[in-house]
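A short write-up of the structure that comes next.
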Amino acid sequence: MTVRQIQDEIIKLKKENDVCILAHLYQNHDILEVADYIGDSFGLSQQAANAPQKTVIMCGVRFMAETVKILSPEKKVLLSAPNAGCPMAEQLSVEELKELKKQYPDHAVVAYINTTADLKTECDVCVTSASAEKIVKNINSDKILFIPDCNLGEYIANQIPEKSFTFINGGCPIHLQIKVSDVEKAKALHPDAKLLVHPECHPSVTALSDYAGSTTGIMAYAKKSDAKEFIIGTENSIVEHLQYECPDKKFYPLFSGCICNDMKLTTLPEVLNCVKGIGGCEIELDEKTMIGAKKCIDEMLRLGE
Ligand code: 13P
Ligand code: SF4
């Protein structure tokens, strides 16, 4: 089958079978074209709570599918690629977090949404790169234990100097590959380009950017800007999507190796199998985890609205 034939079949079957397809912006372009909703982690969570269909397919990584299941327990939720995890989500165990909470008993525990459902049961609120600043400002505590991404944490701490932050040593292994020397090389090659980065990058890289924000934020900035050239410091799919959206502008990857292999496990034929009911993996969580993690996600949606 050709890409076009598979896409047509998916679009036909998802209507017949009452299926909603959610796709994170790090997915390949052929998958975005068949999705009902495309976005960053915060937008996907909001959409998860509102999708009217009985079945939801998450084209992304496991913690994103878990979030959908927690917000819509009555729905069948499929993760398109069963092995697609986020390495950062596994960096801290529940036991380690319990120990940290003993060390910092007066801190609000703020978890990046890139965490397992189990870990969320021990947190006060979760945040995404798009919503973290607003949510942390709104939390009723001046002391924040921010897990697990200390780069995003430091970026947020710089926006909110009136609160004190404690970090642990975590981060995205994909974004952490990007170095200041990559910025220097890219700027030398493209001196007129704006540098747009994800705040999962190391603070020394983020400090050199013209804009730092979520994947949706980066897309929106590039689309609105009068500038004609952009260096993109996040997963390289964003470069491709922007080239489709803005054919008159030029987009360059900051680092050619910025590819999230977990996000790339989803393929169009596997999405077709999912809408046929013979692919992906169904997300199942026990009741205790669902209830515990829901408090933390509900709080994010409440404070981030
Ligand atoms: P966004 O919330 O910006 O989409 O980021 C998710 C992510 O995993 C970035 O690496
Ligand atoms: Fe996780 Fe990094 Fe991949 Fe995002 S890019 S899903 S944080 S490994």
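As the structure is a computational prediction, the values presented were derived from the model and not from experiment. Heavy-atom basis, side chains included; hydrogens, waters and symmetry copies ignored. For ligands, and for the atoms within them, numbers begin at 1 and follow the listed sequence.
Glu270 and Asn273 are linked by a side-chain donor-acceptor pair at a separation below 3.5 angstrom, with hydrogens and angles left out of the test. There is a side-chain donor-acceptor pair under 3.5 Å between Ser131 and Thr128. No hydrogens or angles considered: nothing links the side chains of His107 and Ser141 as a donor-acceptor pair under 3.5 Å.
Residue Ile283 holds its CD1 atom at 13.0 Å from OG of Ser72, rounded to the nearest 0.5 Å. Rounding to the nearest 0.5 Å gives a distance of 11.5 Å between CG of Asp118 and CG of Leu97.
With salt bridges taken as basic N to acidic carboxylate O contacts below 4.0 Å, none links Lys249 and Glu229.
At distances below 3.5 Å, at least one donor-acceptor pair connects side-chain atoms of Gln159 with backbone N or O atoms of Tyr155.
The count of protein N, O or S atoms under 2.8 Å from atom 3 (Fe) of ligand 2 stands at 1, with waters excluded from the count.
By the ring-ring contact (aromatic ring centres under 6.0 Å, His included) test, His202 is found to be paired with no residue, residues two or more places apart in sequence or in another chain being considered. Take Pro82 and apply the side-chain contact (heavy atoms from CB on, under 4.5 Å) test, not counting sequence neighbours, and it matches Cys281.
Two different hydrophobic clusters hold Ile259 and Val205 under the rule that ILVMFWY side chains link at heavy-atom gaps under 4.5 Å.
Interface of Glu200 with ligand 2, defined as ligand atoms under 4.0 Å from a residue heavy atom, comprises 2 (Fe), 7 (S).
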Show the distances, to 0.1 Å, for all pairs joining an N/O atom of ligand 1 and a protein N/O atom that are shorter than 3.5 Å, listing one pair per line.
from: ligand 1; atom 1: 2 (O); to: Ser41; atom 2: N; distance (Å): 3.1
from: ligand 1; atom 1: 2 (O); to: Ser41; atom 2: OG; distance (Å): 2.9
from: ligand 1; atom 1: 3 (O); to: Ser129; atom 2: OG; distance (Å): 3.0
from: ligand 1; atom 1: 3 (O); to: His198; atom 2: NE2; distance (Å): 2.8
from: ligand 1; atom 1: 3 (O); to: Thr215; atom 2: N; distance (Å): 2.9
from: ligand 1; atom 1: 3 (O); to: Thr215; atom 2: OG1; distance (Å): 3.4
from: ligand 1; atom 1: 4 (O); to: His24; atom 2: NE2; distance (Å): 2.6
from: ligand 1; atom 1: 4 (O); to: Ser41; atom 2: N; distance (Å): 3.3
from: ligand 1; atom 1: 4 (O); to: Thr215; atom 2: OG1; distance (Å): 2.7
from: ligand 1; atom 1: 5 (O); to: His198; atom 2: NE2; distance (Å): 3.3
from: ligand 1; atom 1: 8 (O); to: Asn114; atom 2: ND2; distance (Å): 3.2
from: ligand 1; atom 1: 10 (O); to: Tyr26; atom 2: OH; distance (Å): 3.4
from: ligand 1; atom 1: 10 (O); to: Glu200; atom 2: OE1; distance (Å): 2.8
from: ligand 1; atom 1: 10 (O); to: Glu200; atom 2: OE2; distance (Å): 3.0

